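Everything on this sheet refers to the single structure shown next.
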Amino acid sequence: MPIPNRTLNDGNSLPAIGFGTYQLHGDDGTASVLSAIESGYRLIDTALNYENEAEVGQAIRSSGLDRSELIITSKLPGRFHGEGKTREGFMESLENLGLDYLDLFLIHWPLPRIDKYLQTWIELIQLKSEGLIRSVGVSNFTRSHLEKIISESGVVPAVNQIELHPHFPQAEMRKLHGELGIQTESWTPLARQRSVLQNPVIVAVSDAHNVTPAQAVLRWHIQLGTIPLPKSSQRDRQEENLNIFDFELSEIEMDQISGLESGRLWGGDPDTNEEF
Ligand SMILES: NC(=O)c1ccc[n+]([C@@H]2O[C@H](COP(=O)([O-])OP(=O)(O)OC[C@H]3O[C@@H](n4cnc5c(N)ncnc54)[C@H](OP(=O)(O)O)[C@@H]3O)[C@@H](O)[C@H]2O)c1
């Protein structure tokens, strides 16, 4: 089944599901990203702090695909926040990947204590105007962070990539994104596989559709309108996770899965979490 697209507020579009690369390293990491591309993923999510941009770049070159067929995302860490620094961090990502532009570049965390995310955002807009980035966005931004950058810059991020899974469905942020025209991306969409895939509610929903628990959870993301970014090192699971476009969950099943809310996985509160 072809992967549908989501149109962004800047006119660009993203596939409805992407591939997460956190913790994929070395030759095995390159092989996993390559098998994901061969399985059909076109949206690839990395970050400077994942220390695997070189592996992602190698997989892109090995795939033999035209650059224009792939949508590559990376993220700027805290040590590069602020005027002058942002460009340096972005250029480091570009060099690691061996690319001459990025499709989507995000501020990884807002780091409100150091309070430089607004200047950082303005620099990202400048890099976009130079054609080095196709779409600019943020990650782990809350309402107050979003309101500040939008009111000060007049530019609405195309994407906010946030923690989102059945234990943390983020109803409020999804509603806000809908109002502002921001596309939600879900990180840890499978809750890193912890209890969620064994949860009796998820197992019952997946059994009812003759799919796996991971497929039921990823389908829930699709029907919420978010873009899930599942990571798997294994080709069979990569293919399984893409195979979610030929069944539909009922409203009751959607509510049952959203009803599993219990909180963040590890306490990554955007107001206090610091990642440099
Ligand atoms: N913006 C941010 O701050 C942020 C933070 C965290 C993550 N992210 C992004 O989000 C992506 C996804 O998050 P994540 O990697 O933390 O967790 P995840 O995608 O929720 O879960 C990955 C785990 O699930 C397993 N898995 C994958 N498919 C499976 C299947 N079909 N059946 C059973 N198990 C399966 C994987 O194992 P195997 O590999 O062994 O298959 C791995 O252990 C990351 O890779 C990264 O790109 C962003």
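We're numbering straight along the sequence, starting at 1. Side-chain atoms are counted along with the backbone in the values below, which use heavy atoms only and exclude waters and symmetry mates. The model shown is predicted, which means the values in this text are computed figures rather than measured ones.
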Would you kindly confirm whether Leu76 and Leu94 end up in one hydrophobic cluster when ILVMFWY residues are joined by side chain heavy atoms under 4.5 Å apart? yes
Measure the CD-CG distance between Gln170 and Asn160 for me, rounded to the nearest 0.5 Å. 8.5 Å
Could you check Val211 against Asn243 for side chain to side chain contact (heavy atoms under 4.5 Å, CB included), going step by step and ending with a plain yes or no? CA-CA 9 Å; Val211 297; Asn243 202 0; over 6 Å; no
Step-by-step side chain to side chain contact (heavy atoms under 4.5 Å, CB included) determination, Arg192 to Trp266: CA-CA 11 Å; Arg192 278 187 197 155; Trp266 51 270; 4.1 Å; yes
Please examine the side chains of His108 and Leu48, heavy atoms only from C-beta on, and report whether any two atoms are closer than 4.5 Å. no
Between Ser206 and Thr212, is there a side-chain heavy-atom distance shorter than 4.5 Å? no
How are the rings of Phe90 and Phe105 set relative to one another: parallel (under 30°), tilted (30 to 60°) or perpendicular (over 60°)? perpendicular
Quick one: do Leu229 and Val136 end up in the same hydrophobic cluster if we chain Ile, Leu, Val, Met, Phe, Trp and Tyr together by side-chain heavy atoms under 4.5 Å apart? no
Non-hydrogen atoms of Gly40 and Ile3 that approach each other most closely: O-CD1, 3.6 Å
Side chain Ser35, main chain Ser32, donor-acceptor under 3.5 Å: yes
Using side-chain heavy atoms (C-beta onward) and a distance below 4.5 Å, is Glu275 in contact with Asn49? yes
Can a donor-acceptor pair be found, under 3.5 Å and without considering hydrogens, that links the side chain of Asn9 to the backbone of Pro157? yes
Can you check whether Thr21's main-chain N or O pairs, donor with acceptor, with Asn52's side chain at less than 3.5 Å? yes
Set out, in order, the CA-CA distance, both residues' side-chain angles and the distance that settles salt bridge (charged side-chain N to carboxylate O under 4.0 Å, His left out) for Arg87 and Glu130, then state yes or no. CA-CA 11 Å; Arg87 180 179 295 267; Glu130 295 172 26; 2.6 Å; yes
Check Pro112 against His145 and note the closest heavy-atom contact, atom names and distance. CG-NE2, 3.8 Å
Are Glu38 and Arg235 within salt-bridge range, i.e. N to O under 4.0 Å? yes
Heavy-atom distance under 4.5 Å between the side chains of Thr184 and Ile162, does that happen here? yes
Given the ring of Tyr101, does Arg67 sit roughly above its face, with NZ or CZ under 6.0 Å from the centre of the six-membered ring and within 45° of the axis? yes
Ser250 (side chain) donor-acceptor with Glu253 (main chain) under 3.5 angstrom: yes
Evaluate the criterion side chain to side chain donor-acceptor pair (under 3.5 Å) for residue pair Gln215 and Arg219; output intermediate values, then yes/no. CA-CA 6 Å; Gln215 288 173 320; Arg219 182 69 208 179; over 6 Å; no
Within one Ile-Leu-Val-Met-Phe-Trp-Tyr cluster: Leu8 and Ile125, side-chain cutoff 4.5 Å: no
Does atom CG of Asp27 have more than 12 heavy-atom neighbours, drawn from other residues, nucleotides or ligands, at distances under 6.0 Å? no
For Phe168 versus Glu261, what's the shortest heavy-atom pair and its separation? CD1-OE2, 4.4 Å
Check against side chain to side chain contact (heavy atoms under 4.5 Å, CB included), Glu83 and Glu123: CA-CA 7 Å; Glu83 222 174 314; Glu123 297 250 324; 3.3 Å; yes
Is it the case that the side chain of Gln238 and the backbone of Ser232 share a donor-acceptor pair, with hydrogens and angles ignored and the cut-off at 3.5 Å? yes
Pairwise distance NE2(His165) to CH2(Trp187) - rounded to 0.5 angstrom: 7.0 Å
Do the non-hydrogen side-chain atoms of Glu88 and Phe80 ever get within less than 4.5 Å of each other? yes
Can you confirm whether Val159 sits close enough to Val138 that some side-chain heavy atom of one is under 4.5 Å from a side-chain heavy atom of the other? no
Minimal non-hydrogen separation, Ile114 against Gly78, with atom names: CD1-O, 4.3 Å
Gln161 and its side chain to side chain donor-acceptor pair (under 3.5 Å) partner, picked from Thr226, Thr73, Asp45: Asp45
Any donor and acceptor pair, going by atom type alone, linking the side chain of Arg174 with main-chain N or O of Pro169 inside 3.5 Å? yes
CG of Asp207 to CG of Asn210: how many Å apart, nearest 0.5 Å? 8.0 Å
How close do Pro4 and Phe245 get, heavy atom to heavy atom, and via which atoms? CD-CE2, 3.4 Å
Hphob cluster co-occupancy, Leu34 + Leu99, side-chain heavy atoms under 4.5 angstrom: no
Walk me through whether Thr86 and Trp121 qualify under side chain to side chain donor-acceptor pair (under 3.5 Å). CA-CA 9 Å; Thr86 302; Trp121 176 242; over 6 Å; no
Quick check: do Tyr22 and Thr46 have side-chain heavy atoms less than 4.5 Å from each other? no
What I'd like to find out is whether the side chain of Asp66 reaches to under 4.5 Å of the side chain of Glu69, using heavy atoms alone. yes
So OG of Ser139 and NZ of Lys75: to nearest 0.5 Å the spacing works out to 6.0 Å
For Arg6, run the side-chain contact (heavy atoms from CB on, under 4.5 Å) check against Ile222, Asn12, Ile17 and tell me which one passes. Ile222
Using modelled atom types and a 3.5 Å cut-off, is there a donor and acceptor pairing between side-chain atoms of Asn5 and backbone atoms of Ser13? no
Taking atom CD1 of Ile133 and atom CG of Leu124, what is their separation to the nearest 0.5 Å? 4.5 Å
Interatomic distance, Met254 atom CE to Leu224 atom CG [nearest 0.5 angstrom]: 4.0 Å
Check whether NZ of the Lys or CZ of the Arg Lys148 lies under 6.0 Å from the centre of the six-membered ring of Tyr117 and within 45 degrees of that ring's axis. yes
Does one hydrophobic cluster hold both Ile37 and Ile227, with members joined at side-chain heavy-atom distances below 4.5 Å? no
Is it the case that more than 12 heavy atoms not belonging to Glu251 sit under 6.0 Å from its CD atom? no
Before giving the answer on side chain to side chain contact (heavy atoms under 4.5 Å, CB included), spell out for Leu43 and Glu185 the whole-Å C-alpha distance, their side-chain angles and the decisive distance to 0.1 Å. CA-CA 11 Å; Leu43 169 60; Glu185 283 189 339; 4.0 Å; yes
Give a yes or no answer on whether the side chain of Thr120 reaches the backbone of Gly82 with a donor-acceptor pair at less than 3.5 Å. yes
What one should report as the nearest heavy-atom pair of Phe276 and Pro77 is O-CB, 3.7 Å
Quick check against the 3.5 Å criterion: does Glu163 have a side-chain atom that pairs as donor or acceptor with the backbone of Leu265? yes
If you count every heavy atom of other residues, nucleotides or ligands that lies below 6.0 Å from Lys116 atom NZ, does the total exceed 12? no
Between Gln198 (side chain only) and Pro213 (backbone N and O only), is there a donor and an acceptor less than 3.5 Å apart? no
